[in-house]
Amino acid sequence: MAEFSTRAIHSGQEPDERTGAVVPPVFLTSTFVQDGIGRMRNGYEYSRSGNPTRDSLQEQLADLDGGVRALSFSSGLAAEDALLRAVLAPGAHVVMGNDVYGGTHRLVNRLHVPWGVELTTVEMSDLDAVRAVLQAGEPGRTVVLWVETPTNPLMKIVDIAALAAIGHEVGALVVVDNTFASPYLQQPLALGADVVAYSTTKYLGGHSDVVGGAIVLRDEELAERVGFVQFAAGAISGPMDAWLTTRGIKTLAVRMERHSANAQAVAEALVGHPAVERVFYPGLESHPGHAIAAKQMRGFGGMLSIALTGGPEAARRFAESTEVFQLAESLGGVESLIGYPSEMTHASVKGTELAVPEHVVRLSVGIEDVADLVADVEQALTR
Ligand code: PLP
């Protein structure tokens, strides 16, 4: 099997049969002609049930994570919801980290819990605590163990292989949200997870020009069930969105190398700065998850957060003072972004145990020239 970068460019991307176009066309069509009632030409009938551009992205995604199938959706949360709807029923128990992405928590807590699902959050780096939560109650009670690593925004690292083993002891489905790492840096299925979830809006798309999500599965039967939700509820990615994501994925490997190198340099420049209380970046040897990250990731990624010594005031000022880093929600694009989580991405979990400290600022380090990025954070810290 070819290496990752080669597969990222060629999987699902066969030249167009009719014209020889190297880049397969974007199938901007809602429906497909039938040669007789129910006699489809290539199995395609209607674009909610199937579209060649979406199929080409799904093939590319499945290949990159070593799954049997991938399903692509209109957003990361739509992808998560489809998976959860396929596996949960009233009475089912879901276990998540106590710093899981706020939108994922809101999805389960506000939409699935009222329907009868039970949700427990736990410190995921404490394996004994996770085991205790999973083994409490009736056998088979916990249906989903939801793992995120690195976490958003405090960059906590948890051991995927260890959590997969603990989850499987009680028959739970082990899902990894691999949005921050991307399949280039981390391969959850190879580490023992059952399902990988993505906001493809971030590194996979990579250019801040499309919102999307995906689920990658190793089990054909479960893939059928999630595929049915995709078809029946219809939160599909449209052809243009699917194509933009496919185009982004072709350069994923080189982008992730550069994101990681730039973030490492920015993190090192910030460590020890008098205005900075703490730098959260797994590539720093001082990071508590550094050894696990080094074991399970190919590189440490482009995301980092900092806590400022000057408190919330200083954090807000810093977030509003960078010039190359633009103040915006989201992450994972070629351009550097800065965010103030407690009032932007994580406003929905304010006042809960998932709340992000108000002196924390999150940086999505882009692939611009590293000297410009370091100079930008340094000047913003002096404001
Ligand atoms: N998972 C993580 C880790 C995220 O950061 C996000 C969005 O920020 C999502 C899931 C949700 O994805 P989307 O915004 O594409 O619905």
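Not measured: the values here are computed from a predicted model. Order of appearance sets the numbers: ligands from 1, and atoms from 1 within every ligand.
Here ring pair (Phe, Tyr, Trp, His ring centres under 6.0 Å) pairs that include residues 211-263, with residues two or more places apart or in two chains, are Tyr203-His259.
In the vicinity of Gly212, heavy-atom distances shorter than 4.0 Å reach the ligand 1 atoms 15 (O). Using a 4.0 Å cut-off to heavy atoms of Thr201, the atoms of ligand 1 that qualify are 15 (O). Per-residue contacts place Glu80 under 4.0 angstrom from the following atoms of ligand 1 (heavy atoms of the residue considered): 1 (N), 10 (C). Contact atoms of ligand 1 toward Lys202: 6 (C), 7 (C), 8 (O), 12 (O), 14 (O) (distance under 4.0 Å to a heavy atom of the residue). Listed by number with element, the atoms of ligand 1 under 4.0 Å from a non-hydrogen atom of Asp177 are 1 (N), 2 (C), 3 (C), 10 (C). Under a 4.0 Å criterion applied to the non-hydrogen atoms of Ser75, ligand 1 contributes the atoms 15 (O), 16 (O).
Between Tyr46 and Phe32, the ring centre distance reaches or exceeds 6.0 Å. Between His287 and Phe300, the gap from one ring centroid to the other reaches at least 6.0 Å.
Tested against Ser72 for a side chain to side chain contact (heavy atoms under 4.5 Å, CB included), the candidates Val216, Leu57, Thr53 yield a single pass: Leu57.
The closest approach between any non-hydrogen atom of Glu329 and ligand 1 is not below 4.0 Å. Not a single heavy atom of Ala197 sits under 4.0 Å from any atom of ligand 1.
The part of Thr179 lying near ligand 1 is the side chain, judged by heavy-atom distances below 4.0 Å.
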side-chain hydrogen bond (donor to acceptor under 3.5 Å, both in side chains), that's the test. Do Asp63 and Gln60 meet it? Break it down for me.
CA-CA 5 Å; Asp63 190 358; Gln60 192 185 23; over 6 Å; no
- Item | Pair Arg7-Glu3, salt bridge (Lys or Arg N to Asp or Glu O under 4.0 Å): steps then yes or no | CA-CA 6 Å; Arg7 288 184 285 124; Glu3 293 300 321; over 6 Å; no
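When every heavy atom of Lys202 is checked against every heavy atom of Ser330, the shortest pair comes out as CE-OG, 3.2 Å.
Where the criterion is an N or O separation shorter than 3.5 Å, residue side chain and backbone included, Asn152 meets it with respect to ligand 1. Checked by distance only, ligand 1 and Leu77 come closer than 3.5 Å through their nitrogen or oxygen atoms. Ligand 1 has no N or O atom lying under 3.5 Å from any N or O atom of Glu148, backbone or side chain. Considering backbone and side-chain N/O atoms, Leu331 never comes within less than 3.5 Å of an N/O atom of ligand 1.
Taking atom 11 (C) of ligand 1 as the reference point, the nearest protein heavy-atom neighbour is Tyr101 CE2, 3.6 Å.
Between Glu59 and Arg69, no side-chain nitrogen of the basic residue sits less than 4.0 Å from a carboxylate oxygen of the acidic one, so the salt-bridge criterion is not met. The existence of a salt bridge linking Arg316 and Glu343 is confirmed by a sub-4.0 Å separation between a basic side-chain nitrogen and an acidic carboxylate oxygen. A salt bridge does not link Asp241 to Arg54: none of the charged nitrogens lies less than 4.0 Å from a carboxylate oxygen.
The heavy atom nearest to atom 12 (O) of ligand 1, out of those in Ala214, Gly103, Ala79, Ser199, is found in Ser199.
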